[in-house]
There are 2 protein chains.
Amino acid sequence: MAVHDAQFVHQECSDCPIRHRAVCARCDADELGKLEQIKFYRSYQAGQPVIWSGDRMDFVGSVVTGIATLTQTMEDGRRQMVGLLLPSDFVGRPGRASAAYDVTATTDLVMCCFRKKPFEEMMLATPHIGQRLLEMTLDELDAAREWMLLLGRKTAREKIASLLAIIARRDAALKLRSPKGALVFDLPLTREEMADYLGLTLETVSRQVSALKRDDVISLEGNRHVTVPDFDRLLEEAGDDNDGGYLV
Amino acid sequence: MAVHDAQFVHQECSDCPIRHRAVCARCDADELGKLEQIKFYRSYQAGQPVIWSGDRMDFVGSVVTGIATLTQTMEDGRRQMVGLLLPSDFVGRPGRASAAYDVTATTDLVMCCFRKKPFEEMMLATPHIGQRLLEMTLDELDAAREWMLLLGRKTAREKIASLLAIIARRDAALKLRSPKGALVFDLPLTREEMADYLGLTLETVSRQVSALKRDDVISLEGNRHVTVPDFDRLLEEAGDDNDGGYLV
DNA sequence: CGTACGCTTGAAAAATGTCAAAGGACGTGG
DNA sequence: CCACGTCCTTTGACATTTTTCAAGCGTACG
């Protein structure tokens, strides 16, 4: 299978699906033109690594399509996912030489990349980029803190429900609907990846998914295809007080 | 006791103890002068709230001296600390009307504040501020992700050792020493606050502190004064592979 | 057809939480 | 200076949750 996805090899920024959410969102036509000159696309197959923690990182970029994960691993192999990267999310840190986390494509993935040096120079010359990146980073920080509450204080059942709610919400946003009433979506993660995200074992994830199914909070067709008959019920199970939460 | 600490009511920026680490770190003399015109100091006694989640927030600012915490609370009272704010750390989010977390002074606290509106205007006019804030926010995001690993995957004992290591490291940095060999410091948190930070109960915290004491990883004088005879041993107990970690 | 992979389920073990009691430090007022 | 009360902490016994280890199921794919 080709590493390059022809559809994106010469994408125009103006037609880009993440034009208004990514790090370039605030750029005007002129600024976009400059970005266009230094950008390039990379594609990864599902399961492939994008970068390993500690590796030199000479590019930064945005997820255009697909999903990637950010994970940390301890010496003895314990793993914790610390980020789920969706279209428009930014990868890499300007000013840092090497990657701090493992980045892996969990679905087929297309990234819009910039070599780090030119991008950093453009950041200094183009405040709109830094402003947008700040905004996105603050959003990610909020999401990380929301996740800290989940990891530190929620029960296994609440964790599963929370993850399903986040995925459902994002999926609804992608379809430009508000998450109300009945929802149907596909899980982008295996049970093991869910476990790594939630700080659980895959067995506990499996058991709690079964329990939510038994209690009619969700129903499943196959292992990935989820139906949520009542989104509010799911939110109750998640233990979230504010339903207008942050996206990941 | 007076709410205002006279020492800081009319501090010159050039003499400020956090001048080179706070959000103003990159500002030149001219920019600093403008900031100086819109700043004001606020003091809080230990235990006082700085702001409640959901409250309107009409200022942002930096911790000058003392320690504050950021916490989230669930409807049923479960609490998770999501940030420990040390001198130079920034509080508040430009562009957001209300606070997302409870902020509490755990020690006597002095903050250097700016009304939100003028600060936001200055951010647009003064790239150095936004640049520094981006850098600080990226650091916080890294710290949050490090904490996600702790919350999701570490044992109670490792959690305690990690927290002690972080505090020891910060304390050493404050005294301009590198954390090596034997260290002595004071815990700025109660057992309950430690529990809220670590996603544990206060009883488990107490038991694990006792266990580390029994195993000579630390020794205590009173409940707060800690001696670490061997910092590397503490790091082993923390399960950290990389000892050159991030500060909180 | 068989193998591999992801998933589910059960039983037992381990870690952590809950409830309860009591010890110790510290500040206040007598 | 002492007595008292409050708050923080420790410890024990027991309950609960989650993990660990093990076995088996189902589907996709060679």
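Each chain gets a letter, A, B and so on, in the order its sequence line appears, and its residues count up from 1.
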Tell me: [atom1] of [X] to [atom2] of [N], nearest whole Å?
{"X": "B/E192", "N": "C/dG17", "atom1": "CD", "atom2": "P", "answer": "13 Å"}
{"X": "A/R224", "N": "C/dC7", "atom1": "CZ", "atom2": "C1'", "answer": "11 Å"}
{"X": "B/R191", "N": "D/dT11", "atom1": "CZ", "atom2": "C1'", "answer": "14 Å"}
{"X": "A/I160", "N": "D/dT17", "atom1": "CD1", "atom2": "C1'", "answer": "14 Å"}
{"X": "B/K154", "N": "C/dA15", "atom1": "NZ", "atom2": "C1'", "answer": "17 Å"}
{"X": "B/R153", "N": "C/dA15", "atom1": "CZ", "atom2": "P", "answer": "16 Å"}
{"X": "A/Q208", "N": "D/dT17", "atom1": "CD", "atom2": "C1'", "answer": "9 Å"}
{"X": "B/K159", "N": "C/dG17", "atom1": "NZ", "atom2": "C1'", "answer": "12 Å"}

Does [X] place a side-chain N or O at less than 4.0 Å from the phosphate oxygens OP1/OP2 of [N]?
{"X": "A/S210", "N": "C/dT9", "answer": "yes"}
{"X": "B/N223", "N": "D/dT10", "answer": "yes"}
{"X": "A/R207", "N": "D/dT18", "answer": "no"}

What nucleotide among [options] has an atom nearest to a side-chain atom of [X]?
{"X": "A/T190", "options": "C/dT18, C/dC7, C/dT16", "answer": "C/dC7"}
{"X": "A/L200", "options": "D/dT18, D/dT9, D/dA22", "answer": "D/dT18"}
{"X": "B/T204", "options": "D/dT9, C/dG17, D/dT19", "answer": "C/dG17"}
{"X": "A/S206", "options": "D/dT10, D/dT18, C/dT9", "answer": "C/dT9"}
{"X": "B/A156", "options": "C/dT16, D/dT18, C/dA11", "answer": "C/dT16"}
{"X": "A/L202", "options": "C/dT8, C/dT16, C/dT18", "answer": "C/dT8"}

Remember a base hit wins even if backbone is also touched, and classify B/G47 as base, sugar-phosphate or nothing at under 4.0 Å, heavy atoms. nothing
May I ask you to decide if [Y]'s main-chain N or O and [X]'s side chain share a donor-acceptor pair within less than 3.5 Å?
{"X": "A/R153", "Y": "B/R79", "value": "yes"}
{"X": "A/R233", "Y": "A/V228", "value": "no"}
{"X": "A/S162", "Y": "A/E158", "value": "yes"}
{"X": "B/D76", "Y": "B/R78", "value": "yes"}
{"X": "B/K213", "Y": "B/I218", "value": "no"}

Is the base of C/dC19 touched by the side chain of B/E203 through a donor-acceptor pair closer than 3.5 angstrom?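 Answer is yes: a donor-acceptor pair is held.
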